[in-house]
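All values derive from a computational prediction rather than experimental measurement. Positions are given from 1, in the same order as the sequence printed here.
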Amino acid sequence: MRLNDMRLNIALVSDQIAMDYLCPAFSERFPHATLHRFDTEMQSPDALADIDVAVCWSPPLGLLARMPRLRLIQSVGAGTDHITRDPELPGVPICRIVDAEMAAGMNAYVAWAVVHGQRHMAGYLDSQRRATWQEALVVPPGRHRVGIAGLGVLGQSAARALAAIGYAVRGWSRSPKSGLPEGVQVFHGDAGREAFLAGCDTLVCLLPLNEGTRGILNAGLFAQLPRGAHLVNAGRGAHLVQDDLLAALESGQIASAVLDAFVEEPLPAAHPFWHHPRITVTPHIATRTGPETIARLTQDHLAQLSAIA
């Protein structure tokens, strides 16, 4: 029997977002499968015992362990930390998304966020609202140092994109990395972090989330940046100590921040980030993989598992 003819039960699982955007692509790719939503809008509690595949973004803690037939856990993103945070995670293969379009999307977001801070775009938008013609100093990209913390697939791709624009790019990772373009300075480990941070006029966080990086964007790190640096967090919300950022903005140590990920999502309406004049909030949209690609890769990963079995 072909894989797409199998009568699978596929769960679309998230405690943060509605997963209905995946339904058309999965229905087309798996025409005989039954889709069950365990997300912010719908639940199928009676179906837990029948689930074969869980397609996830931040699944509720303990839920996957209640699926005894589970064969595959598929992340809808490039990372899996939103899944592995679950202490009751069953011993089932976990697959992530590897998608060239996802890297391109992140490149575009990071380039926009860097330019937004470096070229004073928030100030120009404010000037427009006040009908005021007011220029800020124009600094060429080559004289603005952009540091990327996290040199995985997305971080390396963003480094290449920023270098192509003409920014002075440097990168930092927990372990040594290679293959970056000539001229991109590379630092690694605790020994290289201070020197890396000292040369970042803009710091872009694209780190994975683990116990070594949780809360890494804190007062101690901000103090090692040049005064007036810009911050871009397109990693995870838990990388950032929120009160430390507010204090650094108040003191002028950090000039501005673009934030795409938050500890609590959606960001509560009363959160101070929404109305802070030097914080730009985006709703975790730095990059996304299309539903068709997620469905196709899920099918590919299932086929690989079937071939092994």
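- Taking the side chain as every heavy atom from C-beta outward, Val146 and Asp201 never approach each other to under 4.5 Å.
- Ion pairing between a basic and an acidic side chain is recognised when a charged N comes within 4.0 Å of a carboxylate O; Asp190 and Arg174 show such pairing.
- Between Leu203 and the choices Ile254, Asn233, Leu217, Val232, the side chain to side chain contact (heavy atoms under 4.5 Å, CB included) rule is met once, by Leu217.
- Two different hydrophobic clusters hold Leu8 and Val13 under the rule that ILVMFWY side chains link at heavy-atom gaps under 4.5 Å.
- The aromatic rings of Phe30 and Phe26 lie parallel to each other, their planes meeting at an angle below 30°, with 60° marking the opposite boundary.
- Residues Arg170 and Val184 approach most closely at CA-CG1, 4.3 Å, considering heavy atoms.
- Between Asp81 and Arg85 there is no salt bridge, since no side-chain nitrogen of the basic residue lies less than 4.0 Å from a carboxylate oxygen of the acidic one.
- Both Ile83 and Phe38 are members of a single hydrophobic cluster when ILVMFWY side chains are connected at heavy-atom separations under 4.5 Å.
- With no hydrogens or angles considered, a side-chain donor-acceptor pair links Tyr167 and Gln118 at under 3.5 Å.
- Residue pairs that meet the salt bridge (Lys or Arg N to Asp or Glu O under 4.0 Å) test with at least one member in residues 150-159, sequence neighbours left out, do not exist here.
- Counting heavy atoms from C-beta outward, Val114 and Leu162 have side chains that approach closer than 4.5 Å.
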Practice prompt. Let me see the working for Cys95 and Ile73 under side-chain contact (heavy atoms from CB on, under 4.5 Å), right down to the final yes or no.
Written response: CA-CA 6 Å; Cys95 294; Ile73 301 171; over 6 Å; no
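- At a threshold of 4.0 Å, the pair Glu41-Arg37 counts as salt-bridged, since one of the basic side-chain nitrogens sits closer than that to a carboxylate oxygen.
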Could you pull out every donor-acceptor pair under 3.5 Å between side chains of residues 241-250 and any protein atom, sequence neighbours left out?
residue, atom, partner, partner atom, Å
Gln242, OE1, His271, NE2, 2.6
Asp244, OD2, Ala219, N, 2.9

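- Using a 4.5 Å heavy-atom threshold, the side chains of Leu48 and Leu63 count as touching.
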Worksheet entry | Stepwise side-chain contact (heavy atoms from CB on, under 4.5 Å) test for Met102 and Arg288 | CA-CA 6 Å; Met102 193 173 193; Arg288 291 279 175 88; over 6 Å; no
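- From Thr34, atom OG1 reaches atom CG of Asn9 across 5.0 Å, with rounding to the nearest 0.5 Å.
- Side-chain N/O atoms of Asp15 and Ser58 include a donor and acceptor closer than 3.5 Å.
- Taking CG of Leu240 as the reference point, atom CG of Leu231 lies at 6.5 Å (rounded to 0.5 Å).
- The aromatic rings of His230 and His144 lie tilted to each other, with the angle between the two planes from 30° to 60°.
- Using a 4.5 Å cut-off on side-chain heavy atoms (C-beta onward), Leu70 and Asp52 make no contact.
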Item to complete: Using the side-chain contact (heavy atoms from CB on, under 4.5 Å) rule, take Leu64 and Leu89 through it: C-alpha gap first, then chi angles, then the decisive distance, then the call.
Response: CA-CA 6 Å; Leu64 299 179; Leu89 200 64; 3.8 Å; yes
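- Interatomic distance, CD of Gln156 versus OG of Ser173, reported as 8.5 Å (0.5 Å rounding).
- Using a 3.5 Å distance cut-off with no hydrogens or angles, the side chains of Asn107 and Ser157 do pair a donor with an acceptor.
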Discussion item. Run the side-chain contact (heavy atoms from CB on, under 4.5 Å) test on Arg96 and Leu297 for me, step by step, so that the C-alpha distance in whole Å, both residues' side-chain angles and the decisive distance to 0.1 Å come before the verdict.
Written reply: CA-CA 9 Å; Arg96 64 187 185 91; Leu297 290 174; over 6 Å; no
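- A ring pair (Phe, Tyr, Trp, His ring centres under 6.0 Å) with His284 holds for exactly one of Tyr109, Phe262, Trp57; it is Trp57.
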